[in-house]
There are 2 protein chains.
Amino acid sequence: MTIKEVCEKYDITADTLRYYERVGVIPAVTRTAGGIRDYQETDIAWVENAICFRDAGMPVEMLIEYVKLFQEGDLTIDARANLLKEARETIVEAKKKYDIALEKLDYKIGRYEIAQKTGVLSWDDCGEE
Amino acid sequence: MTIKEVCEKYDITADTLRYYERVGVIPAVTRTAGGIRDYQETDIAWVENAICFRDAGMPVEMLIEYVKLFQEGDLTIDARANLLKEARETIVEAKKKYDIALEKLDYKIGRYEIAQKTGVLSWDDCGEE
DNA sequence: ATACAACTTGGAGTTGACTCTAAGTCAAGA
DNA sequence: TCTTGACTTAGAGTCAACTCCAAGTTGTAT
């Protein structure tokens with residue numbers, strides 16, 4: 001699979017894919033004899049993981065660390081497991097913050113909808129509006 | 001309330017609070033005769049909202065837009081309501097991505113736990129490990 | 001009254017994560 | 001073979017969101 005096909009499949013730029021490889025967010029991608037990237041299933045699985053974890057707010061630095069440990073082999077199993085658990089906690093915490101914001105938003109949106117229906121345009125909302 | 005007290009209350013730096021005010025993420029804060037910030041309940045409510053929505057990944061630009069509309073008065077009620085609904089959708093979408101990442105993580109963590117218990121250190125995981 | 005810490009401002013610098021540029025190489029069609 | 005477009009690299013540039021700095025002011029404790 002060419003870099004272009006991978007871009008299109010995951011809606012990501014070629015520059016980003018090259019960047020991920022360069023800094024180590026994914027391991028070195030398979031190349032043709034001429035040196036052109038030819039993504040195999042494994043390469044694509046790494047790309048998919050990288051995108052998934054970046055979308056969940058994991059820093060590039062953490063993905064690089066995971067790949068580094070992975071490449072060091074079986075002795076890093078514990079370190080990798082810990083990294084994943086840490087990542088899990090980070091995401092769970094972030095999700096909680098998203099829920100708090102959603103609650104606030106739903107409250108505000110409710111207020112606005114009443115205002116729009118009744119034509120009453122002022123109210124008190126956390127002492128702010 | 002001084003800027004220091006607000007920092008401590010919300011675990012945020014004074015620089016960030018000043019930055020938020022400068023760029024318009026929050027409206028101008030109440031000042032003492034000498035020009036020193038003296039946060040009132042309303043100011044604090046705005047700070048709290050700003051932190052909450054930033055924590056949920058809303059861009060500073062969107063918060064600035066909301067404050068701008070708010071200051072323009074009642075004619076912007078519809079625009080503000082739309083902004084909030086758009087924000088809501090963005091957060092709901094982001095949360096979905098977090099859930100996908102969590103699923104992947106839980107799967108991997110499960111694999112690692114089995115590996116650690118059984119001592120079997122290699123396996124196939126999405127063709128990657 | 002005099003230190004001295006905490007505040008003020010405008011503006012420059014940093015960080016993370018890309019994104020773009022220049023100069024060159026590879027590969028498929030005429 | 002030649003052109004044309006997609007690929008390659010190293011390295012510079014951009015953007016959002018802070019974060020820091022210098023120079024000056026305020027306010028409290030001796």
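A, B, ... follow the sequence lines: proteins, then strands. Residue 1 opens every chain. These values consider heavy atoms only, across backbone and side chains, with no hydrogens, waters or symmetry-generated copies.
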Nearest whole Å is fine: how far is [N] [atom2] from [X] [atom1]?
X       : N      : atom1 : atom2 : value
A:Asp15 : D:dC7  : CG    : C1'   : 12 Å
A:Tyr10 : C:dC18 : OH    : C1'   : 20 Å
B:Tyr19 : C:dT9  : OH    : P     : 16 Å
A:Ile12 : C:dA17 : CD1   : C1'   : 11 Å
A:Ile64 : C:dC18 : CD1   : P     : 10 Å
A:Ile3  : D:dA6  : CD1   : P     : 13 Å
A:Arg31 : D:dT8  : CZ    : C1'   : 8 Å
B:Lys4  : C:dC7  : NZ    : C1'   : 12 Å

Quiz item: Any side-chain N or O of B:Arg37 less than 4.0 Å from the OP1 or OP2 oxygen of C:dT9?
Solution: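 Yes, B:Arg37 has a side-chain N/O under 4.0 Å of OP1/OP2 on C:dT9.
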Quiz item: Charged N to carboxylate O under 4.0 angstrom, A:Arg18 versus A:Glu21?
Solution: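 Here A:Arg18 does not pair with A:Glu21 in a salt bridge, since their nearest N and O are not under 4.0 Å apart.
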Quiz item: Can you name the nearest heavy-atom pair linking B:Phe70 to B:Thr76, along with the distance?
Solution: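 Of all heavy-atom pairs spanning B:Phe70 and B:Thr76, the closest is N-OG1, 4.2 Å.
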Quiz prompt | Residues, nucleotides or ligands: over 12 heavy atoms within 6.0 Å of A:Glu61 CD | solution =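 Result for CD/A:Glu61: open.
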Quiz item: Would the number of heavy atoms belonging to other residues, nucleotides or ligands and lying under 6.0 Å from CD of A:Glu113 be above 12?
Solution: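 Enclosed: over 12 neighbouring heavy atoms sit under 6.0 Å from CD of A:Glu113.
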Remember a base hit wins even if backbone is also touched, and classify [X] as base, sugar-phosphate or nothing at under 4.0 Å, heavy atoms.
X       : result
A:Arg22 : base
B:Arg54 : sugar-phosphate
A:Arg18 : base

Quiz item: Side chain of B:Ile36: nearest nucleotide among D:dG27, D:dT8, D:dT19?
Solution: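 Of the candidates, D:dG27 comes closest.
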Self-check item: 5'-most by nearest nucleotide on DNA chain C - A:Thr32 or A:Tyr20
Solution: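 Looking at the nearest nucleotide for each, A:Tyr20 comes out on the 5' side.
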Quiz item: Which residue lies toward the 5' end of DNA chain C, A:Thr16 or A:Gly34, if each is placed at its nearest nucleotide?
Solution: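 The residue closer to the strand's 5' end, by nearest nucleotide, is A:Thr16.
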Self-check item: Contact nearer the 5' end of DNA chain D, comparing B:Gly35 with B:Met58
Solution: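 That would be B:Met58.
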Practice problem: Drop me the distance from A:Ile91's CD1 to A:Phe53's CZ, to the nearest 0.5 angstrom. | Solution: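 A:Ile91 CD1 to A:Phe53 CZ: 6.5 Å, rounded to 0.5 Å.
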